[in-house]
2 protein chains.
Amino acid sequence: MGIHQSELDKRMEHFRSGCIKAGLKLTQQRLEIFKALAARDDHPDAEALFSSLRSHMPTLSLDTVYRTLWLLNDLGLINTLGPRRESIRFDANLRQHHHFVCLRCGLTRDFESDLLNELPIPEDAHAMGKVLASQVELRGICDSCSQIEAL
Amino acid sequence: MGIHQSELDKRMEHFRSGCIKAGLKLTQQRLEIFKALAARDDHPDAEALFSSLRSHMPTLSLDTVYRTLWLLNDLGLINTLGPRRESIRFDANLRQHHHFVCLRCGLTRDFESDLLNELPIPEDAHAMGKVLASQVELRGICDSCSQIEAL
DNA sequence: TCCTATTTAAGAATTATTCTTATACAGGAA
DNA sequence: TTCCTGTATAAGAATAATTCTTAAATAGGA
């Protein structure tokens, strides 16, 4: 799905060295799961990866897909999209605004910025569809988590 | 949690007129659920709202909180944060990039932009914590959904 | 090749969310 | 105001995503 072989090779190499550096075993499952994910750019969920892998690996378990993905996420070898949330969160603020998300505790705070409200939309994005809204998501460590880490 | 009375009044008024316009009954539950959400700015989930309301409304059910929040979301009276996702999605693309999310089908596509990679961070956001990364999320309707709607 | 800590498969368990159904109530009509 | 009726709710069962438990398998070093 739109990933060039050279890019895929690069991702696989980065994955291998990352695993070795972390002292992780290079199991068949980890290699296949990462490769399946790295080969596509449509952000599949665990179930979708699992289905696509079952034909090659009939004994693969869904649990292994989840464990592997979270493990790689913790190592920084992949990312989850948007803020990690245990459940969907809601927001009553209808004004255009932006988010600061704490990577540790999940705290999500709004902020406003006239400048960020008027971002230039790249041609690439227009090619994907009709853009109706834009917002900026900042990720970082909130003050309260910073204090805890400083202990 | 940081919402001024005047802002809360404004939100409540918008909510009331929105319900009436949509022909919805102004039940005690809807008023309380919306008010509880509108009064805070920390993006609670349904469970958190439910707990905070139970003391006033011992017979309130969690299901009603969910139904009400999704209903208000559909009416545009509140928003969910980030892309609606049935399950958490993963991403192997480690380069800085941005997202286009289709509001209809949930399709999420990456795009890159040097310009958007270097956004000015407002002072307000710095005050919330240490900013480590930024990304732009565009919401809209993808080409394929636009075609379906045009039928 | 052998050994052992790590990893996996399988399925049970858990948690968030939605569905089902009988009851309650908002708001219009009398 | 009181009655009526469609809409909304409570309660708990059902479902779906994710995680846990445990016994078996295996990567990689000795």
Side-chain angles (χ1 to χ4, degrees), chain A residues 15-37 43-75 77-78 80-90 106, chain B residues 15-37 43-75 77-78 80-90 106:
Chain A
F15 165 71
R16 282 171 186 279
S17 61
C19 281
I20 291 168
K21 199 179 304 172
L24 294 178
K25 293 185 176 175
L26 277 171
T27 63
Q28 195 67 25
Q29 289 88 340
R30 283 173 182 164
L31 285 164
E32 290 295 324
I33 291 168
F34 181 83
K35 189 166 71 179
L37 178 61
H43 309 295
D45 60 19
E47 182 68 41
L49 284 174
F50 177 61
S51 318
S52 78
L53 286 166
R54 266 213 286 210
S55 46
H56 313 155
M57 313 181 73
T59 69
L60 180 69
S61 78
L62 178 56
D63 178 64
T64 296
V65 177
Y66 275 111
R67 251 186 305 102
T68 301
L69 292 172
W70 285 121
L71 176 65
L72 300 183
N73 181 63
D74 290 346
L75 289 174
L77 293 172
I78 64 174
T80 58
L81 241 47
R84 161 92 194 259
R85 58 183 97 132
E86 294 70 37
S87 51
I88 300 170
R89 287 160 168 253
F90 300 86
Chain B
F15 165 71
R16 283 172 186 278
S17 63
C19 281
I20 291 169
K21 200 179 304 173
L24 293 178
K25 294 186 177 176
L26 278 172
T27 63
Q28 195 66 24
Q29 289 88 340
R30 283 175 182 163
L31 285 165
E32 289 295 323
I33 291 169
F34 181 82
K35 188 166 72 180
L37 177 61
H43 308 296
D45 59 19
E47 183 69 41
L49 284 174
F50 177 61
S51 317
S52 78
L53 287 166
R54 265 213 284 210
S55 46
H56 313 155
M57 311 181 74
T59 70
L60 181 69
S61 78
L62 178 57
D63 177 63
T64 295
V65 176
Y66 275 111
R67 251 185 307 102
T68 301
L69 292 172
W70 285 121
L71 175 66
L72 300 183
N73 182 62
D74 291 346
L75 290 175
L77 294 172
I78 64 174
T80 57
L81 281 193
R84 161 92 194 259
R85 58 182 97 130
E86 294 70 38
S87 51
I88 300 169
R89 286 160 169 253
F90 299 86

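Below, chains carry the letters A, B, ... as their sequence lines are ordered, and counting in each starts from 1.
- With rounding to whole Å, A:R67 atom CZ is found 9 Å from C:dT7 atom P.
- If you take NZ of A:K25 and C1' of C:dT7, they are 7 Å apart, rounded to a whole angstrom.
- Considering only side-chain N and O atoms, A:Q29 lies under 4.0 angstrom from the phosphate OP1 or OP2 of C:dA9.
- Taken to the nearest 0.5 Å, the CD1 atom of A:I20 stands 9.5 Å off from the CZ atom of A:F15.
- Contacts with DNA chain C (heavy atom under 4.0 Å) in residues 47-62 of chain A: A:T59, A:L60, A:S61, listed by number.
- To the nearest angstrom, P of C:dA16 lies 13 Å from CZ of A:F90.
- Between A:D63 atom CG and D:dT22 atom C1' the separation is 12 Å, expressed in whole Å.
- Interatomic distance, B:L69 CG to B:D45 CG, rounded to the nearest 0.5 Å: 9.5 Å.
- Rounded to a whole Å, the CG atom of B:L72 is 13 Å from the C1' atom of D:dA8.
- Across the protein-nucleic acid pair, A:W70 atom CH2 and D:dT19 atom C1' stand 11 Å apart, rounded to whole Å.
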Check against side-chain hydrogen bond (donor to acceptor under 3.5 Å, both in side chains), A:R54 and A:S51: CA-CA 5 Å; A:R54 266 213 286 210; A:S51 318; 5.5 Å; no

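- Taking both residues in full, the closest heavy atoms of B:A36 and B:L53 are given as CB-CD2, 3.8 Å, listed atom of the first, atom of the second, then distance.
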Give every donor-acceptor pair under 3.5 Å between a side-chain atom in residues 24-34 of chain B and any protein atom, sequence neighbours left out.
residue: B:T27; atom: OG1; partner: B:R30; partner atom: N; Å: 3.2
residue: B:R30; atom: NH1; partner: B:K25; partner atom: O; Å: 3.0

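- With contacts defined as side-chain heavy-atom distances shorter than 4.5 Å, the pair B:L37/B:L72 does not qualify.
- Rounded to whole Å, atom P of C:dA16 lies 8 Å from atom CG of B:D45.
- Atom CG in B:L24 sits roughly 10 Å away from atom C1' in D:dT7 (whole-Å rounding).
- When every heavy atom of B:V65 is checked against every heavy atom of B:A46, the shortest pair comes out as CG1-O, 3.7 Å.
- If you check every strand for non-hydrogen atoms under 4.0 Å, B:R30 touches sugar and phosphate atoms only.
- The phosphate of C:dA9 (OP1 or OP2) has a side-chain N or O of A:T64 nearer than 4.0 angstrom.
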